[in-house]
Participant: 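For reference, the structure I am asking about is given below.
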Amino acid sequence: MSSTVANGINIEYETIGDSSHPAILLVSGFTSQLTGYETSFCEQLASHGRFVIRYDNRDVGKSHWFTGESAQTSAVLAFRKGEQPRPNVPYSLSDMAADGMGLLSALGIERAHVLGVSMGGMLAQTMAIEHPQRFLSLISIMSHTGEPGVGRSSPAAAEALLQRPAPDRETYIAQTAEGRRTWTSKKYFDLENEQRRVTRDYDRAFHTEGNARQYSAIMMAEPRADALRLLNIPTLVIHGRDDELITLSGGERTAELIPGAVLVVLNDMGHDLTRELWPTLIGHIVLHTGLATSP
């Protein structure tokens, strides 16, 4: 893995594949490190003639860690009360989106396919709105438009997402892995695999202090509906019918707003890129990016 300065901060990233092939930037979700896109998933994308780039968002993994805890209490408490928080946040989704564009610039890439999962989908949408000239295509997976009531989490999933991190390594790993049962693909949930993933990320870079700042950026973002209506970018939207963290209406609304967007709904997919669905997911991504890259 490598690091570079992008948008004025350090960004950790990795590339997989031939740099002469069309680039696809993978944008991670809330609190997720670049390892959320499994290496073998990236290698399979690369095997189809794509230059894959995955990176740590700011405040997670090995990218720049910010300071300032004031946003955490106000944002989380407001969410639990059903209110709209108005804290002074250290950074916005636009700032995070600019990080991804800055990384492409640092790598000398003028245009790319941009794929985002969950919060990464929100960031990919924001990148497309604010930097459309940098896009070959957009892929928004298990995300939403930022409109109130769209894609709203089930109470159980919201509670699991916002649970206070355990103070020690073993309890944290067990608690976090079990909590994912609430929103991941129920048909394919594997506790041992989730424990492996949590352990890997904990040992790579444990930094829960950034969670609240990322969450505040999400909560403070303005709805993207009006801007999405004006996009002229080939768009693929993928969502799982089994998703309880960002429910299906989030993907449906995204595809409804973006002109010409293609919506793919997978019945057994929750809020994760479960390995069992990789052939289907990669097939749709390769087809979409191939058509969008063709002259």
Side-chain angles (χ1 to χ4, degrees), residues 1-4 6 11-19 21-63 96-97 99-100 103-104 107 109 112-125 127 136-143 176-177 180 183-185 188 190 193-194 196-205 207 214 236-240 243 245-246 264 266 269-286 288-289:
M1 296 185 186
S2 304
S3 64
T4 190
I11 295 291
E12 186 82 4
Y13 72 95
E14 182 178 28
T15 63
I16 299 172
D18 186 337
S19 61
H21 292 157
I24 179 166
L25 181 70
L26 305 183
V27 191
S28 297
F30 173 60
T31 75
S32 180
Q33 300 183 40
L34 61 81
T35 47
Y37 294 102
E38 297 278 355
T39 299
S40 50
F41 177 85
C42 297
E43 289 173 344
Q44 288 183 42
L45 275 180
S47 72
H48 290 278
R50 305 294 182 270
F51 180 53
V52 179
I53 307 158
R54 59 178 180 172
Y55 70 101
D56 288 328
N57 285 314
R58 59 172 62 196
D59 242 348
V60 69
K62 296 185 177 182
S63 287
M96 298 182 75
D99 295 344
L103 175 58
L104 289 181
L107 295 175
I109 298 171
H113 303 284
V114 180
L115 182 157
V117 167
S118 193
M119 182 191 75
M122 304 172 205
L123 293 174
Q125 292 172 28
M127 293 178 195
L136 293 171
S137 78
L138 167 66
I139 305 103
S140 180
I141 301 178
M142 51 185 152
S143 194
T176 303
R180 291 180 179 179
W183 65 73
T184 52
S185 304
Y188 305 113
D190 182 333
N193 184 53
E194 291 304 324
R196 176 192 63 80
R197 288 162 56 87
V198 177
T199 300
R200 173 200 63 198
D201 291 345
Y202 187 102
D203 292 342
R204 178 176 182 262
H207 177 60
Q214 288 193 355
L236 172 65
V237 179
I238 301 176
H239 216 106
D243 193 336
L245 192 58
I246 297 180
V264 174
L266 301 180
M269 179 175 163
H271 200 79
D272 61 335
L273 297 178
T274 184
R275 182 180 294 268
E276 289 79 2
L277 294 177
W278 284 4
T280 301
L281 290 166
I282 291 172
H284 284 294
I285 294 166
V286 169
H288 169 75
T289 54

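Along the sequence shown, residues carry numbers from 1.
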Participant: Donor-acceptor check, side chain of His113 to backbone of His288, threshold 3.5 angstrom: yes or no?
Facilitator: no
Participant: Can you check side chain to side chain contact (heavy atoms under 4.5 Å, CB included) on Ile53 and Ile109, steps first, answer last?
Facilitator: CA-CA 11 Å; Ile53 307 158; Ile109 298 171; 3.4 Å; yes
Participant: Ala177: what forms a side-chain contact (heavy atoms from CB on, under 4.5 Å) with it, not counting sequence neighbours?
Facilitator: Leu191, Glu194, Gln195, Val198
Participant: What I want to check is whether the side chains of Asp201 and Thr35 have a donor and an acceptor closer together than 3.5 Å.
Facilitator: yes
Participant: Residues two or more places apart in sequence or in another chain: which of them pass side-chain hydrogen bond (donor to acceptor under 3.5 Å, both in side chains) with Gln33?
Facilitator: Arg204
Participant: Any salt bridge linking Glu38 with Arg196? Criterion: basic side-chain nitrogen under 4.0 Å from a carboxylate oxygen.
Facilitator: yes
Participant: Going by side-chain contact (heavy atoms from CB on, under 4.5 Å), name the residues that satisfy it together with Thr274, two or more places apart in sequence or in a different chain.
Facilitator: Ser185, Tyr188, Asp272, Glu276, Leu277
Participant: Check whether any side-chain N or O of Arg54 sits under 3.5 Å from a backbone N or O of Cys42 as a donor-acceptor pair, and report yes or no.
Facilitator: no
Participant: For the pair Asp59 (side chain) and Gln214 (backbone), establish whether a donor and an acceptor sit closer than 3.5 Å, ignoring hydrogens and angles.
Facilitator: no
Participant: Tell me, please, which residues at least two apart from Gln44 pass side-chain contact (heavy atoms from CB on, under 4.5 Å).
Facilitator: Trp278, Ile282
Participant: Looking only at heavy atoms, what is the nearest atom pair of Ser32 and Gly36, with distance?
Facilitator: OG-CA, 3.8 Å
Participant: Test side chain to side chain contact (heavy atoms under 4.5 Å, CB included) on Asn193 and Arg275; report intermediate values, then the result.
Facilitator: CA-CA 11 Å; Asn193 184 53; Arg275 182 180 294 268; over 6 Å; no
Participant: Applying side-chain hydrogen bond (donor to acceptor under 3.5 Å, both in side chains), can you list everything that pairs with Asp99, at least two apart in sequence or on another chain?
Facilitator: Asn7, Arg58
Participant: Yes or no on side chain to side chain contact (heavy atoms under 4.5 Å, CB included) for Tyr55 and Val27, after CA distance, side-chain angles and deciding distance?
Facilitator: CA-CA 7 Å; Tyr55 70 101; Val27 191; 3.5 Å; yes
Participant: Between Met142 and Leu245, is a side chain to side chain contact (heavy atoms under 4.5 Å, CB included) present by the stated rule, with each step listed?
Facilitator: CA-CA 9 Å; Met142 51 185 152; Leu245 192 58; over 6 Å; no
Participant: Only counting residues at least two apart or in another chain, list the ones meeting side-chain contact (heavy atoms from CB on, under 4.5 Å) with Ser2.
Facilitator: Tyr13
